[in-house]
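To start, the structure itself, in structure tokens.
Per chain, numbering begins at 1; letters A, B, ... match sequence-line order.
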Protein chains: 2
Amino acid sequence: MDIRQLRYFVAIAEEGSLSAAAQRVNVAQPSLSQHVIALERELDVTLLDRSPRGVTLTQSGEVLLSHAHEVIAALDRARDAVRQSGSEPQGAVSFGLPSSIAMVLSVPLAETVRLELPKVKLRAIDAMSGFIKDWLDGQTVDLGILYDIGTVRHLNHRQLMTEELHFFSAPDAWPFESSPGSPVPVSELPQVELVLPSPQHGLRVMIDRSIKPTGVSLNIATEMDGLGHIKTMVARGSGYTILAPAAAIDYVERGELIMAPIVEPRLVRPVYLVRNPAKPVTRASQEVERITLEVIRDLLARGIWQAFDPKSDAAE
Amino acid sequence: MDIRQLRYFVAIAEEGSLSAAAQRVNVAQPSLSQHVIALERELDVTLLDRSPRGVTLTQSGEVLLSHAHEVIAALDRARDAVRQSGSEPQGAVSFGLPSSIAMVLSVPLAETVRLELPKVKLRAIDAMSGFIKDWLDGQTVDLGILYDIGTVRHLNHRQLMTEELHFFSAPDAWPFESSPGSPVPVSELPQVELVLPSPQHGLRVMIDRSIKPTGVSLNIATEMDGLGHIKTMVARGSGYTILAPAAAIDYVERGELIMAPIVEPRLVRPVYLVRNPAKPVTRASQEVERITLEVIRDLLARGIWQAFDPKSDAAE
DNA sequence: CAAAATTACGCTTGTCGTAACGATA
DNA sequence: TATCGTTACGACAAGCGTAATTTTG
């Protein structure tokens, strides 16, 4: 089975006649006859009902016709995309980001894309990581950022960095005897009332999974989804929380929250950039991927986004 | 650009070397070289960076690679589907039905499919027609039933029947001087308080559009979505409504509602079966389509679903 | 019997393989 | 200089066109 055969077959189906189709595709009619016979032999079905007044499709023929359209369309898209890829990147790229990462990444990313790729339309969508996983399975986004690639390991992915979760407190409500901002051992956490997202949230899953082997049981006073609400509550001194630094950088910069590393054990999670395999690569999506890496490198260098550095662990 | 060339290209990309790929696909290495050069000439891009240690993909090469996977996958699906089409229909078929039609159609349809196509898994999903239109644009359903094909006229569709909307009243609350169940002219409708769905509902759009040219303005006392709620309300005598007979056949059979044709003008709407062009035809979907026609013919013959018959109009 | 599809048969063209050549870490 | 990709060229088969044959409403 061959693209040319499929094109011929489409012409035959549309013309309802080998002779007419032969004229249309500029090929002698017996040649088409041969191709159809070859297809029928290969697929082991009858594709056409022949009559002296032309041909009609059998059911199998209809099935082949619709699939032939698919294949031809895919091939045409391929040609267009590759031809485009030589010139300036253009078109839409949709990018799913977990809210905590969107907070720190989406603005500089969008600005850089605007600047470097003026013809690319970036749709940065932020959502809980569960949704992003669904979108990567479907056709919704070209790229996504995930913490947990367990269920999508088959997809094309690359690790961006490793985030280290921190303990957050209002500046005037530091609950431990140590000085504010000094490392908090996991074993001390039960002393404080925590505000955490519900177990359907990726962050919560990660926290529970990391804490479990230590045998420590957290004192979760409030379960609340919505990052903004959690931060507000903690900033008012009505509890404490555990977040990635990027998720609360705004409050920390304004002095409304202070953060402290969590140790024994450290709570680290890898961050992956995942490509949707169902969405073919375009030049635009490649460039957005490249710029994402660039922007992240920059954010890390400027200390705006903190990466877990295994060396600091070893130095202890 | 040719399927074979794409297969070769995928092998080259995966092996990172023309020579290695040549072994894998059992072709002499210079032949692959030729094919790549031909592709590059046709597409007017460079696909490979050559080195004496192998080749690496350029950006355009990556774009082609991902599209090549698409094309090859589409072709494989085509082969499988056509081979399957010779044997017993099997697989999943999803079918979007407007709620009013689902009420009368989905059970007999599902039963017939179960009986005649035991290996086919029918997913009959009922929803407002707006959703069904979206699903037909997307990848959600194979088949759908719609009233209005204005925006999807390009899709493959066939008219199933024409429904005639009727006036519904509680049996003991007939509001007109005529005998209960006798035809109701549109001009009489303003006398009664109607319960109708909101304007986002397909039925309401259709009613408004049909009434408008007559200059009559309806007395819509309540806008309420949810067919069940509307029928309950009317059955309790708290208003009157306009529906397709199929949408209220349950209440009519139980004697909780009576219905009357609406005349001057009649309110008719065509019903279309629409095929999703993005979902390739399978044997199973063909058979479901056939059985749908069969079941509808049967429902019409048994009077369970009433079709508008233009002859009765002419007879007036 | 007429219109259309199939079979038969040379011929062209595209694809492959072998062999020689060229480029680079 | 060894390894890989490219160029050159002859061989073969796939696909095409012309012509004759078969099929069927």
Round to a whole Å and report the spacing from CD1 of I37(A) to P of dA14(D).
-> 16 Å

Atom CG of L32(A) and atom P of dT6(C): how far apart are they, to the nearest Å?
-> 10 Å

Could you tell me which residues satisfy side chain to side chain contact (heavy atoms under 4.5 Å, CB included) with S85(A), sequence neighbours excluded, listed by chain and number?
-> V82(A), R283(A), V45(B), S60(B), V63(B)

Taking OP1 and OP2 of dG14(C), is either one under 4.0 Å from a side-chain nitrogen or oxygen of H35(B)?
-> no

Using only side-chain N and O atoms of S51(A), determine if any of them is under 4.0 Å from OP1 or OP2 of dA4(C).
-> no

Salt-bridge contact E40(B)-R50(B) (side-chain N to carboxylate O under 4.0 Å) | yes

Figure out the CZ/C1' separation between R41(A) and dG15(D), and round it to whole Å.
-> 15 Å

Could you go step by step and tell me if R275(A) and S285(A) meet the side-chain hydrogen bond (donor to acceptor under 3.5 Å, both in side chains) rule?
-> CA-CA 9 Å; R275(A) 193 167 254 301; S285(A) 73; 3.3 Å; yes

Ranking dA25(C), dA5(C), dG5(D) by distance to the side chain of P52(B), first place goes to dA25(C)

Any side-chain heavy-atom pair of V55(B) and D49(B) under 4.5 Å = no

Tell me: CD of Q34(B) to P of dT7(D), nearest whole Å?
-> 8 Å

Is a side-chain donor-acceptor pair under 3.5 Å present for S94(B) with D142(B)?
-> yes

Here the distance between atom C1' of dG14(C) and atom CG of D2(B), to the nearest Å, is 11 Å

Using the criterion of both pairing distances under 3.5 Å for Watson-Crick and G-U wobble pairs, give all stems of 3 or more consecutive pairs involving DNA chain D.
-> C:1-25 with D:1-25

Pick base, sugar-phosphate or nothing for D49(A), based on heavy-atom distances below 4.0 Å to the nucleic acid.
-> nothing

Tell me whether the OP1 or OP2 atom of dT7(C) has a side-chain N or O from S33(A) closer than 4.0 Å.
-> no

Please determine, for the side chain of V27(A), which listed nucleotide (dG25(D), dA5(C), dG17(D)) has the closest atom?
-> dG17(D)

Of K121(B), E287(B), K119(B), Q84(B), the one forming a side-chain hydrogen bond (donor to acceptor under 3.5 Å, both in side chains) with Q90(B) is Q84(B)

Q29(A) side-chain proximity, nearest of dA5(C), dG17(C), dG5(D) | dA5(C)

R4(A) atom CZ is separated from dA14(D) atom P, nearest whole Å, by 12 Å

Are the side chain of T162(B) and the backbone of R269(B) linked by a donor-acceptor contact shorter than 3.5 Å?
-> no

Here the distance between atom P of dA23(C) and atom CG of L48(B), to the nearest Å, is 19 Å

With nearest nucleotides of DNA chain D determined for R53(A) and S31(A) from heavy-atom distances, which residue corresponds to the more 5′ nucleotide?
-> S31(A)

Under-4.0 Å side-chain N/O to phosphate OP1/OP2 contact, R50(A) with dT24(D) | no

